[in-house]
Amino acid sequence: MIGGIDMRVSRLFFPSLRENPKEAETVSHVFMLRAGLVRKLASGIYTLLPIGYRVVKKIENIIREEMDAKGGQELFMPALQPAELWLESGRWYDYGPELMRLEDRKERTFALGPTHEEVITTLVRDNNRSYRKLPLLLYQIQVKFRDEIRPRFGVMRAREFIMKDLYSFDRDEEGMNRSYDAMYDAYCRIFKRCGLDYRVVEADSGAIGGDVSHEFMVLADTGEAEIAFCDSCGYASNLEKATDQLDPPEDAQEMDIQEVYTPNIKTIEELANFLAIDKSRTVKAVVYEAIYSGEKWNIVAAFVRGDYDINEIKLKNLLGCLYLNPATEEEVLSITPGGGGFIGPIGLKDAVVVVDESVMRMKNVVVGANKENYHLKNVNPQKDFPDDMKVADIRKVHDGSKCPKCGFPMKVRRGIEVGHIFKLGTKYSEAMNATFLDENGEKKYYVMGCYGIGVERTMAAVIEQLHDDKGIIWPMTIAPYHVIVVSVVVKDEQQRETAERIYSELINRGVEVLIDDRDESPGVKFNDADIMGIPLRVTVGKYLKEGKVELRWRRSGEVKLYSVNEIVDAVELAIKKEIDEINS
RNA sequence: CGGGGCGUAGCGCAGUCUGGUCAGCGCGCCUGCUUCGGGAGCAGGAGGUCGGAGGUUCAAGUCCUCUCGCCCCGACCA
């Protein structure tokens with residue numbers, strides 16, 4: 001499957017490191033460096049070394065198989081893209097500084113593609129006219145560029161990285177949904193075949209656009225995203241989008257507003273302590289400046305129940321603004337004389353007031369008085385809050401929040417986003433005027449979807465999940481080699497010959513095998529095999545006197561003795577067994 | 001971009017505060033011999049314009065100024 005069938009460690013380019021490199025902190029980054037999978041060229045830019053590249057190719061091939069199985073057709077698109085394409089879709093400005101831009105010698109402007117919606121839409125628009133070819137599922141596996149604000153965790157968030165992208169073109173929404181479901185299914189199979197424990201979550205679609213989207217998240221503490229999920233009913237969502245079940249509206253007698261002196265009490269924590277009440281009896285205020293296109297901006301005061309935080313993504317989507325920044329002190333003072341710490345919804349000047357639904361269900365709550373060192377007690381949102389406020393879901397759910405579907409307490413965990421699928425609808429086909437003719441001769445916009453997988457990131461995610469203190473533990477399906485043959489003492493002629501014989505027999509059987517023929521002490525060879533994560537190790541050593549060699553499983557440490565003429569069968573069987581297990 | 005930290009041999013570090021045997025240690029690398037079941041021992045050896053540029057000084061890894069790069073924490077994404 002992967003080229004290069006004869007490989008001995010004495011010739012293999014794998015600069016392994018004994019000590020942890022200073023630049024790496026996460027497990028996957030450390031082991032990728034230490035096992036000689038990658039080397040950094042510059043911040044967020046990596047060379048894939050032979051062992052690392054083998055793993056990448058294996059992951060790519062799994063992806064290819066699953067894409068092809070759903071009718072996907074692979075093509076290859078340029079990384080260098082004329083700026084006009086991006087101006088046409090409107091993303092030249094919307095995409096922001098993350099888009100790598102450059103000029104050629106004639107001062108024509110280009111972008112290095114961070115994604116390929118523009119190119120593919122143009123391609124299909126210019127080369128297909130008919131509904132007969134639909135659905136069209138086109139994909140590519142290639143390098144993409146994003147000028148990340150902060151590259152980190154090695155290959156996990158890089159500026160140049162390999163991505164698989166499939167774009168679906170359908171005649172209508174129903175077709176798009178079918179394509180989407182097929183991809184959803186393919187993605188589940190891909191990540192399973194990579195040996196990953198993952199969750200599919202509902203997601204915000206961000207800069208790509210569209211309404212419905214799912215992310216494939218690998219559970220790991222080093223993940224950059226937070227997800228909320230319910231173990232009872234299966235609800236799962238990116239925290240950016242997650243919501244929860246609210247407590248029923250309170251049914252208390254409404255009391256009269258009362259001003260209370262709260263000297264220098266500025267945080268919810270202090271306020272709850274000072275008044276000896278629960279945080280959920282208070283209302284938290286956060287002030288932002290919302291920036292829309294160009295000069296357009298305003299000040300927004302957002303309110304949630306005291307025990308929640310604001311979900312800035314939800315707020316941003318609600319407002320429809322480009323950026324949401326924390327307000328400066330002057331901005332806060334311009335809307336409330338009390339300054340930060342005493343902000344309440346009543347009596348604010350020139351601010352858009354957004355109140356979370358949770359607050360509207362409360363009675364007799366405590367809010368800031370918009371007056372230094374004072375809060376208001378017994379405020380009743382339904383009655384007392386301003387008429388022109390917006391009520392919406394802008395809260396961030398937390399560990400233990402109630403599942404919106406079944407009410408069970410949810411978990412909040414970190415995850416690595418390895419795949420993301422989107423229903424795009426006609427966003428790009430309309431912007432770029434990509435149409436086809438249906439059977440009635442009517443012009444229609446393509447209804448599109450797009451589906452991405454970060455390839456190196458998937459590799460890193462596997463390491464995050466499958467490792468021990470000795471190194472990587474590759475699943476058989478994506479291991480750089482299935483098995484490594486180690487002779488303990490190379491200078492022992494009998495050991496050397498036996499190892500070589502087993503090695504060439506394994507090659508003949510089509511097994512991906514490595515032989516460690518170096519004149520190193522056994523510990524060195526064992527440790528290199530371990531850190532590299534080869535699933536099986538055949539050790540030719542002290543038992544050879546009895547005509548036996550060992551087969552050792554990297555994952556469990558289990559060792560079995562086989563006679564020299566049984567070992568090749570045993571290896572073949574072990575490989576097949578593990579691959580079948582993962583694929584089943 | 002804001003906050004924190006770091007650039008001295010391939011990797012990990014000491015030395016910088018308090019200028020003057022400070023060009024050092026461990027690992028790795030090369031040669032030879034002896035070893036060989038979880039990172040072997042002995043002997044010999046190669047390897048650094050101390051990130052870069054200015055400056056202060058009799059003298060600068062060491063002090064000053066500027067610059068470049070890298071890592072970590074926050075806003076973006078596969």
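Below, chain A is the first sequence line, B the second, and so on; all start at residue 1.
Between B/G69 and A/Lys40, no contact under 4.0 Å exists linking OP1 or OP2 to a side-chain N or O. Regarding contacts with the backbone of B/A78, every side-chain N or O of A/Thr458 stays at 4.0 angstrom or more from both OP1 and OP2. For A/Arg457 and B/C77, the shortest distance from a side-chain N or O to OP1 or OP2 is not below 4.0 Å.
Scanning for side-chain contact (heavy atoms from CB on, under 4.5 Å) contacts around A/Asp185 gives A/Lys70, A/Arg189, with sequence neighbours left out. Annotation: side-chain contact (heavy atoms from CB on, under 4.5 Å) contacts of A/Pro475 (sequence neighbours excluded): A/Val462, A/Leu466, A/Thr477, A/Ile478, A/Ile582.
With hydrogens and angles left out, the side chain of A/Glu19 and the base of B/G28 share no donor-acceptor pair within 3.5 Å. Side-chain atoms of A/Arg150 and base atoms of B/C76 include no donor and acceptor less than 3.5 Å apart.
Shown here, B/G28 forms no base pair; nothing in the strands shown gives a Watson-Crick or G-U wobble contact with both key distances under 3.5 Å. B/G7 and B/C68 make up a base pair, with Watson-Crick or G-U wobble contacts both under 3.5 Å.
Ring-plane geometry between A/His214 and A/Tyr184 is classed as perpendicular, the angle between the planes exceeding 60 degrees on a 0 to 90 degree scale with a lower cut at 30.
Straight-line distance from the CG atom of A/Asn238 to the C1' atom of B/A78: 13 Å, rounded to whole Å.
The listed nucleotides are B/C6, B/C72, B/C76; the one nearest the side chain of A/Glu25 is B/C72.
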- Task: Any chance you could list the contact pattern along nucleotides 34-42 of chain B? Use B for base contacts, S for sugar-phosphate-only contacts and - for none, protein heavy atoms under 4.0 Å, 5' to 3'.
- Result: -BBBBBS--

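Residues A/Tyr428 and A/Arg91 have side chains that bring a donor and an acceptor to within less than 3.5 angstrom of each other.
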